Protein chains: 2
Amino acid sequence: MEFYLTVESITIFKLKVGSIMANIQQVAEKAGVSAATVSRVLNNVSSVSSKTRLKVEHAIKELNYEPSMLGRNLRNSESRLLLVLIPSISNPFYTEIIKGIETIAIANHYNILLCATDSNAERDNIYFNMVKNKLADGIISMDPTINRQKLNELAEKHPIILCSEYEEGGSIPYVTIDHKLAAYHAVKHLIKLGNKKIALINSDETYLYARQRREGYERALQEFNLPIRKEWIYHTEHLEFEHGVHAMRRLLQVNERPTAVFAVSDTLAIGALKEINVNGLHVPNDIAVVGFDKITFSNMTNPTLTTVAQPMYKMGCTAANMLINRIKGNQVESIVLDHELVIRESTMG
Amino acid sequence: MEFYLTVESITIFKLKVGSIMANIQQVAEKAGVSAATVSRVLNNVSSVSSKTRLKVEHAIKELNYEPSMLGRNLRNSESRLLLVLIPSISNPFYTEIIKGIETIAIANHYNILLCATDSNAERDNIYFNMVKNKLADGIISMDPTINRQKLNELAEKHPIILCSEYEEGGSIPYVTIDHKLAAYHAVKHLIKLGNKKIALINSDETYLYARQRREGYERALQEFNLPIRKEWIYHTEHLEFEHGVHAMRRLLQVNERPTAVFAVSDTLAIGALKEINVNGLHVPNDIAVVGFDKITFSNMTNPTLTTVAQPMYKMGCTAANMLINRIKGNQVESIVLDHELVIRESTMG
DNA sequence: CCCTTAAATGTAATCCGTTACTTCCATTCT
DNA sequence: AGAATGGAAGTAACGGATTACATTTAAGGG
């Protein structure tokens with residue numbers, strides 16, 4: 001009896017699965033053609049007569065058929081999935097880039113797998129395996145904390161593009177801006193406004209962009225014969241708001257208080273704004289502030305934040321195009337995009 | 001000559017592809033066993049002798065073999081991918097939820113496909129097809145603008161969970177909070193502070209949560225015998241900052257100016273804050289403000305924002321667990337989680 | 001009316017792993 | 001020693017679509 005029940009339930013299950021989705025074979029039978037012909041119709045191969053095409057299309061509608069990506073992908077050994085690696089979803093810097101990537105991806109019939117590594121090496125491994133496993137066709141990495149060596153190894157056999165963060169002299173193609181020049185412009189702007197004591201809130205200099213932005217900061221100061229003072233350079237471990245608050249608190253305690261601050265990210269700059277406000281000082285009259293990235297919220301603060309805009313949407317588009325080209329087997333060249341200084345209230349007296 | 005070159009390049013390509021990744025057959029040959037045995041080793045099936053297991057594991061290492069997800073998924077007809085639908089990546093409300101989903105997903109050997117619909121029906125279709133196509137095993141939808149009818153149809157044959165936004169009396173399981181009660185608490189808080197003229201910045205009431213939050217707002221006012229005045233209720237089409245600014249501008253022009261504002265999202269509330277500041281008024285002394293969602297930035301504004309916290313991380317975890325259960329074929333029940341009023345500077349005199 | 005040729009369609013192999021079923025072999029029991 | 005039992009491994013079908021190659025069909029030329 002028990003055995004009978006089991007058999008029945010299996011039958012029901014099979015029936016249900018069958019009803020969920022027809023396969024190409026069933027469509028072929030219904031249309032009275034071979035599976036090959038159905039496949040040709042699906043892929044718009046020219047050599048199908050219009051009569052047959054119509055029959056097949058009719059059968060497809062009738063059966064509510066949708067081709068299985070799994071079968072197709074196995075055969076074509078592609079997944080049409082792009083892996084996008086970011087350090088953390090909560091960082092607004094990435095949102096526009098991702099939009100760019102997504103737009104290009106969809107236009108090329110790809111989809112994106114957005115993955116936050118949270119600077120977790122285990123996650124890295126999972127995601128790297130997805131490419132090895134053919135579950136993704138390529139990677140756009142925006143994670144500066146990623147394991148370089150493993151990434152390079154992977155890049156030998158799989159398409160990878162770096163976005164924003166890259167490796168100097170490395171072999172993996174990248175899209176980025178000229179961080180040094182961008183920082184130079186930002187600081188020069190502060191100098192032109194008459195500031196002579198300019199502080200830098202930088203992040204961890206293990207990251208290339210942090211080193212480059214400091215170089216730009218120093219270059220601007222040198223060019224105008226302003227002193228580079230250690231007390232005015234503060235390094236934060238992370239880019240979050242709280243670290244900006246903390247950095248600014250320290251900078252306000254320095255003997256000779258700076259009259260301007262350049263922070264290497266908007267979230268840091270917004271933290272600085274807050275701390276300056278809390279201390280009863282005025283931005284920009286007492287201290288001017290410049291951020292970096294032009295995240296959405298940089299426009300919502302009070303005062304609004306002067307910041308260096310990276311062409312994020314374009315960066316995303318470019319990275320996606322490069323990756324898709326790479327997947328097609330083409331050679332691609334690294335690209336440096338232009339930045340733009342967006343002057344707003346935090347530097348307008 | 002040209003022909004020769006072409007042939008050669010094809011050969012090279014083929015060789016390269018071959019070298020990229022061994023398949024189960026090659027591993028089997030190397031280990032001197034059948035593919036079935038290799039598969040058993042991979043899947044930890046008990047009936048493999050330790051000698052054979054060792055041989056196979058050795059061969060796997062030697063060939064640097066990684067099983068292809070495509071083959072495996074086709075056979076098992078699962079993709080181990082969860083589709084997460086959000087209206088827009090740039091909305092910070094979703095970040096914590098996504099983290100929760102991701103954590104649970106990874107713990108269960110799933111990965112997430114994060115997809116922004118940007119309220120674009122075409123995109124909806126693409127994503128729905130991914131499930132029909134077996135490219136994803138199920139959907140967590142957080143998009144209130146999604147096509148209800150299509151979603152319901154899809155839900156008949158595929159696992160779907162709604163997160164935050166749901167359908168009253170619908171058949172799709174959901175996770176949410178009690179929006180009405182949450183709004184009631186927020187407004188009651190404003191009343192307890194002595195406010196008698198309380199404005200509401202609501203979003204489009206085609207969304208269930210918007211209707212429910214207004215009900216909560218009205219219930220609180222009624223309970224304390226305060227008037228519900230039309231001029232104090234403003235509807236915005238979207239949730240962005242600018243709409244909050246605009247709404248507040250209007251509310252400040254009303255004859256009898258409200259002394260407090262409850263906005264149904266933090267971004268709207270932050271817009272309101274900004275506009276109040278711009279008009280030389282003080283928060284909370286002139287006008288108190290309460291938001292909704294407790295997004296990261298609600299803590300970075302000046303003053304910091306009092307807001308209703310949804311348990312976003314937990315919501316994400318819950319939704320993911322529900323979906324995975326659904327995929328396993330289990331029945332799941334809808335869940336209503338607790339909210340919390342976070343009192344900060346924008347209501348603390 | 002037959003032959004050539006091209007277009008249209010079918011056949012079958014292939015992509016890669018999983019698993020029900022079968023076979024083989026070695027214990028253990030009588 | 002021969003049968004019964006069970007453990008270990010192999011065989012082959014399967015999942016769904018694609019495509020090189022083979023075959024059929026129809027049209028055009030002589």
Side-chain angles (χ1 to χ4, degrees), chain A residues 6-7 10 13-14 17-18 20-56 59-60 63-80 109 129 132-135 137, chain B residues 7 10 14 17-18 20-57 59-60 63 65-80 129-130 132-135 137:
Chain A
T6 308
V7 167
I10 285 173
F13 177 71
K14 291 260 175 185
V17 168
I20 281 184
M21 186 100 314
N23 61 19
I24 201 170
Q25 193 58 50
Q26 292 169 277
V27 174
E29 275 166 34
K30 178 135 225 154
V33 298
S34 73
T37 302
V38 177
S39 175
R40 290 192 187 100
V41 172
L42 290 171
N43 294 287
N44 280 316
V45 173
S46 51
S47 69
V48 180
S49 75
S50 45
K51 287 162 266 168
T52 326
R53 164 164 280 122
L54 244 55
K55 272 195 300 182
V56 171
I60 288 174
L63 293 175
N64 219 327
Y65 166 74
E66 304 267 354
S68 155
M69 285 296 160
L70 294 179
R72 176 175 289 173
N73 292 347
L74 173 60
R75 178 60 227 221
N76 297 342
S77 77
E78 64 172 13
S79 63
R80 300 206 82 84
H109 302 288
N129 276 336
K132 292 191 195 162
N133 288 338
K134 306 246 181 194
L135 235 185
D137 292 344
Chain B
V7 168
I10 286 171
K14 292 260 175 184
V17 168
I20 280 183
M21 187 99 311
N23 62 20
I24 202 171
Q25 194 57 49
Q26 292 169 275
V27 174
E29 276 166 33
K30 177 134 226 152
V33 299
S34 74
T37 302
V38 177
S39 174
R40 289 192 186 102
V41 171
L42 289 172
N43 295 289
N44 280 316
V45 173
S46 51
S47 69
V48 179
S49 76
S50 46
K51 287 161 269 168
T52 324
R53 166 164 280 123
L54 244 54
K55 273 195 300 182
V56 171
E57 278 164 357
I60 288 174
L63 293 176
Y65 168 74
E66 305 267 354
S68 155
M69 285 295 161
L70 294 179
R72 175 175 289 171
N73 291 348
L74 172 61
R75 179 63 230 219
N76 297 343
S77 76
E78 65 172 12
S79 64
R80 299 206 83 83
N129 276 337
M130 294 184 69
K132 291 191 196 163
N133 289 337
K134 307 246 182 192
L135 234 185
D137 293 343

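So that the names make sense, note that chain A is the first sequence line, chain B the second, and so on, each numbered from 1. Not measured: the values here are computed from a predicted model.
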Task: Under 4.0 Å protein heavy-atom contacts per nucleotide of nucleotides 11-20 of chain D, with B for base, S for backbone only and - for none - done: B-BBBBBBBB
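Close approach of DNA chain C to chain B, defined as any atom under 4.0 Å from a non-hydrogen atom of the protein, starts and stops at dC16(C) to dA20(C).
Checked against side-chain hydrogen bond (donor to acceptor under 3.5 Å, both in side chains), Asn23(B) has no partners two or more places apart in sequence or in another chain. Not counting sequence neighbours, Ser68(B) has no partner by the side-chain hydrogen bond (donor to acceptor under 3.5 Å, both in side chains) test. Scored by the salt bridge (Lys or Arg N to Asp or Glu O under 4.0 Å) test, Glu78(A) finds Arg80(A) as partners (sequence neighbours excluded). For Ser77(A), there are no side-chain hydrogen bond (donor to acceptor under 3.5 Å, both in side chains) partners two or more places apart in sequence or in a different chain.
Using a 4.0 Å heavy-atom cutoff across all strands shown, Val45(B) reaches no nucleic acid atom at all. Among the protein residues, Val33(B) comes within range of the sugar-phosphate backbone only, with heavy atoms under 4.0 Å from sugar or phosphate atoms but none that close to a base.
The nearest pair of heavy atoms linking Val48(A) to Thr52(A) is CG1-CB, 4.0 Å. Residues Val27(A) and Tyr65(A) come closest through the heavy atom pair CG2-CG, 3.5 Å.
In this structure the side chain of Leu70(B) never reaches within 4.5 angstrom of the side chain of Leu74(B), judged on heavy atoms. With a 4.5 Å cut-off on side-chain heavy atoms, Glu57(B) and Leu54(B) count as touching.
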Review item, side-chain donor-acceptor pairs of residues 29-43 of chain B, under 3.5 Å, at least two apart:
unit_1: Ser34(B); atom_1: OG; unit_2: Ala36(B); atom_2: N; d: 3.4
unit_1: Ser34(B); atom_1: OG; unit_2: Thr37(B); atom_2: N; d: 3.4
unit_1: Ser34(B); atom_1: OG; unit_2: Thr37(B); atom_2: OG1; d: 3.3
unit_1: Ser39(B); atom_1: OG; unit_2: Asn43(B); atom_2: ND2; d: 3.3
unit_1: Asn43(B); atom_1: ND2; unit_2: Ser39(B); atom_2: O; d: 2.8

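Residues in residues 66-77 of chain B take part in these salt bridge (Lys or Arg N to Asp or Glu O under 4.0 Å) pairs, two or more places apart or across chains: Lys132(A)-Glu66(B).
Taken over five-pair windows at either terminus, the axes of the helix from dC1(C)-dG30(D) to dT30(C)-dA1(D) are inclined to one another by 50° (rounded to 10 degrees).
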